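Input: a single structure, listed below in structure tokens.
Throughout, a chain's letter reflects where its sequence line sits, starting with A, and its residues are numbered from 1. Since the structure is predicted, the reported quantities are computational estimates derived from the model, not experimental observations.
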Protein chains: 2
Amino acid sequence: MSEQTVRNMEEFATVSGISRPTLSKYFNDPDSVRPTTRARIEAALEEHDYRPNIYAINQNRRLTKTIGIVVPYLSDPFFAEIARNIENLCIDAGFRPILLSSHGDQGQENDNLDSVRGLKPAGVLLAPLGRGSDRAVIERFCDAVPTVLFDSNIDDVGEAFVGMDNAQAVGSIVQYLCNSGEPPVFFEMRDAPNPNANKRRTAYRATMERLGLEPQVISVDGDGWDFEEIGCRQGKRVIARREMRTNTVLCSNDRLAIGFLAAAYQSGLRVGRGDSFALRVAGLDDHPFSRFTCPTLTTVSQDYAAIAERSVQELMSLIESPDARDARHTTLFDGKLILRDSA
Amino acid sequence: MSEQTVRNMEEFATVSGISRPTLSKYFNDPDSVRPTTRARIEAALEEHDYRPNIYAINQNRRLTKTIGIVVPYLSDPFFAEIARNIENLCIDAGFRPILLSSHGDQGQENDNLDSVRGLKPAGVLLAPLGRGSDRAVIERFCDAVPTVLFDSNIDDVGEAFVGMDNAQAVGSIVQYLCNSGEPPVFFEMRDAPNPNANKRRTAYRATMERLGLEPQVISVDGDGWDFEEIGCRQGKRVIARREMRTNTVLCSNDRLAIGFLAAAYQSGLRVGRGDSFALRVAGLDDHPFSRFTCPTLTTVSQDYAAIAERSVQELMSLIESPDARDARHTTLFDGKLILRDSA
DNA sequence: CAAGAACTTTTACGCGCGTAAAATTTCAAA
DNA sequence: TTTGAAATTTTACGCGCGTAAAAGTTCTTG
């Protein structure tokens with residue numbers, strides 16, 4: 001490699017013997033040039049390992065090949081996993097994903113959207129904070145940028161939403177719990193940040209009533225995204241005060257359930273199904289760690305891969321034909337009951 | 001706001017009555033203009049919410065205000081947490097952090113470094129894959145970009161390394177375990193991706209020998225970054241075959257330990273300290289989930305905040321005076337013994 | 001082999017901003 | 001008020017690439 005000489009496309013044109021406009025075409029789409037030309041370019045590329053300046057490229061594009069991915073809380077492996085899936089799909093589609101986490105904070109979410117807008121992205125995949133989001137800010141953002149919401153819905157905002165069918169998921173696990181033992185109590189945070197929580201509580205109530213059973217919702221205090229901590233601390237309180245009318249608890253999500261399992265353990269209650277166990281605990285989401293709790297957690301799985309794939313598909317169709325959208329698309333994937341040992 | 005008119009700095013100069021070069025100065029450092037001027041600019045900014053085009057800015061800077069953060073595996077909450085800390089510190093320092101995960105894959109790590117280089121970052125904070133890294137690629141990268149390594153060291157690569165003192169950490173927990181019961185067996189992956197694993201094994205051996213005890217290292221098969229899964233599957237095997245010479249096991253990291261706890265639970269062994277327990281399990285790292293295992297996990301904490309802070313400090317001093325470096329800096333933070341219920 | 005299609009080259013301009021130099025204005029201290 | 005330092009304005013150029021238009025070349029098809 002005889003390098004150190006090629007500092008821009010002009011120079012690369014000289015050393016490769018290809019004109020700059022053709023090179024420009026090539027870098028925007030290698031298939032848009034004749035195969036022989038492409039081969040010559042790529043041979044020269046091997047020699048000089050030149051790469052176009054990404055800033056200069058994007059300055060002259062109204063829209064870039066960047067895709068923003070904004071998640072509410074990346075330290076939650078659920079979002080990390082989904083982001084990983086999405087990233088890979090974006091790369092496969094020829095885009096550059098940029099991952100931003102709002103760390104559970106509204107100011108950060110607003111900053112992230114601002115910062116993403118500055119990137120002039122082709123599109124954005126956004127899992128909003130939910131209750132903690134500044135709706136006006138998000139609406140304005142979605143008006144300016146093709147945006148697909150996932151995980152957490154905000155009515156009428158964004159061009160599409162992809163998430164879980166909470167009604168179906170809650171329905172199926174409540175039904176299972178009722179069939180296999182005592183009906184579940186619903187354990188949740190009073191002011192859950194995520195709007196799924198409300199849908200889940202509602203679905204729980206509806207399912208219980210449909211089954212002719214009296215629902216019991218235990219809403220506990222606790223702010224922020226430290227769900228395990230809240231589940232554990234408040235779980236111990238609930239257990240100590242014997243607030244549950246039955247021996248079965250359905251937690252609003254797996255992270256709360258993981259905390260609740262810890263609470264049960266620390267309270268000396270054995271969790272599992274069968275006569276020798278004092279408590280049954282179930283969750284929702286199939287969190288990556290749910291396979292390794294003690295006991296392993298019965299839950300309803302979200303299909304991470306499917307959600308990621310559909311979200312990206314929606315965004316791609318949005319990018320390809322921005323005006324061809326008649327109405328907002330909503331996709332809800334069914335959850336799958338995952339029977340493990342905790343319930 | 002009378003908007004829709006200001007499309008570049010020129011226009012903003014017109015509407016604000018400030019010359020473009022002064023505006024340029026302001027956006028590069030608001031303190032570099034006279035306070036009255038600054039006030040006028042900021043007043044105009046309220047009116048027109050103009051933002052400089054980031055691509056045009058960076059095209060003319062040899063170095064940008066971007067800082068790359070590359071971690072090996074973001075779905076591991078350990079890295080997510082440390083990245084969160086680092087991100088915030090970078091923002092406070094006036095930089096734009098860009099977070100990239102290699103998802104445990106060498107090709108992805110190489111791509112990430114390539115992609116970061118294209119961003120012309122002021123500096124990079126890199127936690128390499130370790131054993132899975134392509135040393136030559138990383139060396140070349142570090143030659144071109146001011147880089148601070150963290151978590152996982154690669155000898156003589158990068159301008160600085162910030163991590164945990166494995167010898168101290170392992171020493172302290174081995175000592176504790178020996179003092180409080182039977183000496184620990186060391187449980188690890190045979191081909192751990194992270195170089196800390198080797199240091200930990202070595203430290204374990206050294207400490208045991210110093211104490212006049214015979215070390216026992218159990219190295220299990222398992223590829224990839226799915227540590228809990230490996231810890232659980234292989235843990236069950238180890239337990240079933242009674243491979244451990246004592247009732248105490250020190251796992252090479254918390255994620256393995258979390259898996260091992262699951263294995264013990266599923267094997268019917270009660271974990272904890274005291275006569276009524278069959279097994280003691282300890283880990284290393286103080287993983288975010290270690291407070292919620294059953295039982296809670298005794299471990300040695302890494303000071304996430306300190307590691308993040310020092311890493312960023314090192315990088316900042318590197319950015320400010322790139323040549324003032326005589327030798328590679330290495331910072332090792334002591335781990336703190338965290339006594340919980342598992343050992 | 002001819003004709004037209006498809007591609008490449010040449011030429012030229014523009015994007016939005018950094019930045020240098022010289023002229024002018026503002027400010028603070030004497 | 002004067003004076004010099006500091007800040008601002010004016011003017012002008014350059015960064016690396018996208019892209020348009022016209023002219024030239026190569027390929028395909030019959």
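- Sorted by first and then second residue, the salt bridge (Lys or Arg N to Asp or Glu O under 4.0 Å) pairs involving residues 105-133 of chain A (not counting sequence neighbours) are A/D114-B/R51.
- B/K65 approaches B/G94 most closely through the heavy-atom pair CD-O, 3.8 Å.
- Of the residues in residues 113-122 of chain A, not one comes within less than 4.0 Å of DNA chain D through any heavy atom.
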Distances under 3.5 Å between protein N/O atoms and the N/O atoms of nucleotides 22-28 of chain C, please, pair by pair.
{"unit_1": "C/dT26", "atom_1": "O3'", "unit_2": "B/R34", "atom_2": "NH1", "d": "3.3"}

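- Between B/T22 and D/dT8 there is no side-chain N or O to OP1 or OP2 distance below 4.0 Å.
- Ion pairing of A/E87 with A/R84 is absent here, as no side-chain N (NZ or NE/NH1/NH2) approaches a carboxylate O to less than 4.0 Å.
- Between the CD1 atom of B/I41 and the P atom of D/dA7 there is a distance of 13 Å, given to the nearest Å.
- Going from atom CD of B/Q108 over to atom CG of B/L100 covers 8.0 Å, rounded to the nearest 0.5 Å.
- The two residues A/G104 and A/W225 come nearest to each other via the heavy atoms CA-NE1, 3.4 Å.
- Across B/S32 and B/Y26, no two heavy atoms sit closer than the pair OG-N, 4.4 Å.
- Interatomic distance, B/I57 CD1 to B/N28 CG, rounded to the nearest 0.5 Å: 7.0 Å.
- Pairing each heavy atom of B/P121 with each of B/G68, the nearest pair is CB-N, 4.3 Å.
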Do any N or O atoms of the protein come closer than 3.5 Å to N or O atoms of nucleotides 28-30 of chain D, and which pairs are they?
none

List the atom pairs, with distances to 0.1 Å, where a side-chain N or O of residues 140-155 of chain B and a protein N or O form a donor-acceptor pair under 3.5 Å, not counting sequence neighbours.
{"unit_1": "B/T147", "atom_1": "OG1", "unit_2": "B/V145", "atom_2": "O", "d": "2.8"}
{"unit_1": "B/D151", "atom_1": "OD2", "unit_2": "B/N194", "atom_2": "ND2", "d": "3.2"}
{"unit_1": "B/N153", "atom_1": "OD1", "unit_2": "B/R328", "atom_2": "NH2", "d": "2.8"}

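- Counting heavy atoms from C-beta on, the side chains of A/L125 and A/C90 come closer than 4.5 Å.
- Between B/F78 and B/Y304, the ring planes are perpendicular. Angles over 60° get that label, and only those under 30° would be called parallel.
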Summary of protein contacts for nucleotides 12-21 of chain C, nucleotide by nucleotide, where a base hit scores B, a sugar-phosphate-only hit scores S (4.0 Å, heavy atoms) | B-BBBBBB--
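- Between B/E314 and B/T331 the shortest heavy-atom distance is OE2-OG1, 4.0 Å.
- For the residue pair B/A308 and B/N85, the shortest heavy atom distance occurs at CB-CB, 3.4 Å.
- In this structure, B/D31 atom CG and D/dA6 atom P are separated by 17 Å, rounded to whole Å.
- The phosphate of C/dT8 has OP1 or OP2 within less than 4.0 Å of a side-chain N or O from A/T37.
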